[in-house]
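These values consider heavy atoms only, across backbone and side chains, with no hydrogens, waters or symmetry-generated copies.
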Amino acid sequence: SSSASSASSSSPRGGGGAATGDAAADAAPSSRALAATSTTTPSPASPPPPHHQLTEPAPGGYALDGESRAQLLVITDEADVLVEDTTLRHGYAGGAGGAVQVLGGSSLELVRCLVESNRGDVGGAIFVAQSSVTLTDTVLWANAAREGGAVYLAVESWLRVADSAFRGNVAAQHGGAVAARTSHLDVELTTFDANRATLGGALFLEADSVATARHVDFADNGLPSADTADEQSTRRLGRKSSSAASSAHKVAAATASMTSSPHASFDGAAAPMDVMAQGGAVFAADSILGVSHGAFRANAADKGGALVALRSQLRTAQCELSENRAKLGAAVYFDQGEWTDVERTAITRNTAEMTGGGVLLGAGSKFERAPTTRVDRNVPDDIYELKSADAGDLGDEDDAAAPPRGPTTTTAGRRRALRGDAGDDAAPR
């Protein structure tokens with residue numbers, strides 16, 4: 001790996017390649033700009049790795065292209081790197097971080113960047129371990145991985161996102177856009193659109209992760225499939241969605257790209273049809289999540305069309321959850337945790353195939369609603385409290401994501417309906 005030259009992106013010099021550095025991180029680190037160049041001739045002091053192509057796609061912007069054969073950047077040794085007005089595309093890694101790895105107490109800031117069509121096993125575009133990444137006015141598009149379709153946060157990492165978008169990213173298992181374990185997310189003024197994964201179509205949080213989201217929009221996230229959205233929805237949920245159809249071909253392309261490379265060392269993105277998809281937009285387990293001024297629309301899963309929260313703390317304020325769909329808990333599937341809605345959240349016009357049209361609460365869950373909270377016009381019901389006998393009918397004895405067991409007050413007919421899904425749940429690892 002070669003060190004990137006230090007320069008402002010407005011007057012680029014040096015060559016693209018792996019970024020390294022030895023500056024110690026502190027409370028106010030000095031950022032260094034990753035230099036790009038409009039020529040394919042590298043500086044003798046810092047040649048790019050093989051297969052990288054540095055091009056100038058538009059005035060004032062640059063692109064680093066791995067040609068689906070090479071990782072683009074490795075940032076380590078407490079380096080502080082700033083990348084502006086750059087496209088990072090077609091990066092490939094059989095392991096972590098298709099485009100970028102950020103390791104060893106380092107920091108990466110992307111400003112006005114496009115990160116597209118990268119592939120890796122964990123972190124299709126970016127892998128972060130004990131480091132931090134900041135995304136500002138940046139789009140992450142059509143990246144794919146087994147976990148963390150766009151970004152994977154390993155232990156004690158930070159992701160800060162503002163004025164950005166995650167669109168059409170795919171993960172075979174967890175976190176179509178972002179997967180986080182024992183890490184921190186701070187997201188504002190950002191959209192998550194048409195991301196796909198089995199658990200957490202857009203976001204997957206577990207193992208004491210903490211996430212805060214403000215002024216965010218989650219739309220058409222959920223069920224992983226290479227089919228068109230209309231075909232998928234008709235088969236699994238019996239609905240049509242023009243907005244989903246418009247992005248389905250883009251998602252399908254990202255899915256197909258995961259299996260097309262001869263270097264691929266991981267399975268394809270489409271989950272088996274007998275695996276239960278959970279958390280169309282967000283899946284949180286043993287974590288803390290706060291959302292204010294959030295919109296969750298037209299997300300879909302088998303369980304928790306918009307959101308699944310297990311053994312977690314959830315706090316919402318002035319959110320809208322509408323037109324989400326699932327078999328169980330069309331808007332929210334909440335189990336074994338505490339959920340507080342502070343004010344004016346609307347959970348309306350969601351549809352469950354079986355039960356919990358608005359909210360499905362597992363045994364031992366606590367849901368505190370503000371007087372201004374609305375839960376209405378959901379089908380077939382607004383709030384359904386799942387009792388332990390129903391959990392048993394789901395067949396979750398060995399499932400880490402399973403509801404608890406206990407006494408039941410539900411009807412025998414509904415238990416018979418639930419019994420038909422035995423063994424379908426997919427548990428987080």
Side-chain angles (χ1 to χ4, degrees), residues 199-206 208-213 218 221-222 276-292 294 296 299-317 319-322 324-343 345-348 350-370 373-376 378 380-388 390-391 394 396 399-406 408-410 414 418 421 425-428:
L199 298 185
L203 301 181
F204 175 87
L205 312 169
E206 76 165 359
D208 298 317
S209 290
V210 178
T212 302
F218 294 87
N221 301 285
M276 179 170 278
Q278 303 185 47
V282 180
F283 182 101
D286 303 297
S287 295
I288 298 173
L289 172 63
V291 184
S292 64
F296 296 78
N299 303 285
D302 294 310
K303 180 186 290 186
L307 170 67
V308 166
L310 309 175
R311 305 175 300 275
S312 296
Q313 296 181 35
L314 174 63
R315 187 178 179 89
T316 53
C319 294
E320 177 191 346
L321 295 87
S322 62
N324 302 286
R325 302 184 71 92
K327 293 179 181 178
L328 301 166
V332 180
Y333 186 106
F334 191 80
D335 193 24
Q336 300 184 65
E338 296 184 1
W339 175 10
T340 302
D341 182 66
V342 178
E343 61 175 333
T345 285
I347 303 173
T348 184
N350 303 283
T351 302
E353 183 178 314
M354 296 167 64
T355 193
V359 177
L360 194 150
L361 295 174
S365 300
K366 184 179 180 181
F367 180 23
E368 294 185 0
R369 290 183 285 167
T373 301
R374 288 176 47 214
V375 186
D376 58 23
N378 301 286
D381 44 19
D382 290 322
I383 299 177
Y384 184 81
E385 296 188 20
L386 182 66
K387 305 303 179 181
S388 226
D390 295 326
L394 284 169
D396 289 331
D399 188 355
R405 300 175 181 273
T408 178
T409 58
T410 58
R414 189 150 296 168
L418 292 171
D421 280 341
D425 282 347

Would you give the length of the straight line joining atom OH of Tyr384 to atom CE of Met354, rounded to the nearest 0.5 angstrom? 9.5 Å
Within-4.5 Å side-chain heavy-atom neighbours: Leu289 and Val282: yes
Decide yes or no for Thr355 and Leu328: does some side-chain heavy atom of the first lie under 4.5 Å from some side-chain heavy atom of the second? yes
Ignoring hydrogens, what is the shortest heavy-atom contact between Phe367 and Arg369? Give both atom names and the distance. CZ-CG, 3.1 Å
Working to the nearest 0.5 angstrom, can you tell me the gap between Leu321 CG and Leu307 CG? 7.5 Å
Using side-chain contact (heavy atoms from CB on, under 4.5 Å) as the criterion, list what pairs up with Arg374, not counting sequence neighbours. Ala346, Thr348, Asp376, Arg377
Scan for salt bridge (charged side-chain N to carboxylate O under 4.0 Å, His left out) pairs involving residues 354-368, sequence neighbours excluded, and state none if there are none. Lys366-Glu368
Looking at Ser287 and Ala284, would you say the former's side chain and the latter's main chain have a donor-acceptor pair under 3.5 Å? no
Got a second to check how far Gln278's CD is from Lys303's NZ, nearest 0.5 Å? 4.5 Å
A side-chain contact here means heavy atoms from C-beta on lying under 4.5 Å apart; do Trp339 and Val332 qualify? yes
Treating Asn350 as the side-chain partner and Asn324 as the backbone partner, does any N or O pair qualify as donor plus acceptor under 3.5 Å? yes
For Asp341, what residues pass the side chain to side chain donor-acceptor pair (under 3.5 Å) criterion, not counting sequence neighbours? Thr316, Thr345, Thr373
Could you tell me if the side chain of Leu205 sits less than 4.5 Å from the side chain of Phe283, heavy atoms only? no
Residues in ring pair (Phe, Tyr, Trp, His ring centres under 6.0 Å) contact with Phe218, at least two apart in sequence or another chain: Phe192, Phe296
Give a yes or no on whether the backbone of Ala309 and the side-chain of Ser312 come within a donor-acceptor separation of less than 3.5 Å. no
Mark yes or no for whether Asn299, through its side chain, and Asn221, through its backbone, hold a donor-acceptor pair below 3.5 Å. yes
Please give me the minimum heavy-atom distance between Ala301 and Ala277, naming the atom from each residue. CB-O, 3.5 Å
Between Ala326 and Gly305, the two heavy atoms sitting closest are CB-N, 3.5 Å
Search all heavy atoms of Leu360 against all heavy atoms of Gly329 and return the closest pair with its distance. CB-CA, 3.8 Å
So, taking the atom named OG1 in Thr212 and the one named CZ in Arg315, what distance separates them when rounded to the nearest 0.5 Å? 11.0 Å
So, the side chain of Asp335 versus the backbone of Ser365: is there a donor-acceptor pair under 3.5 Å, distance only? no
Residues two or more places apart in sequence or in another chain: which of them pass side-chain contact (heavy atoms from CB on, under 4.5 Å) with Ile288? Val210, Gln313
Pairing residues for Asp286 by the salt bridge (charged side-chain N to carboxylate O under 4.0 Å, His left out) criterion, not counting sequence neighbours: Arg311
side-chain contact (heavy atoms from CB on, under 4.5 Å) partners of Glu320, counting only residues at least two apart: Arg297, Ser322, Arg349
Grab the two heavy atoms, one from Gly358 and one from Ala331, that are nearest each other, plus how far apart they are. O-CB, 2.9 Å
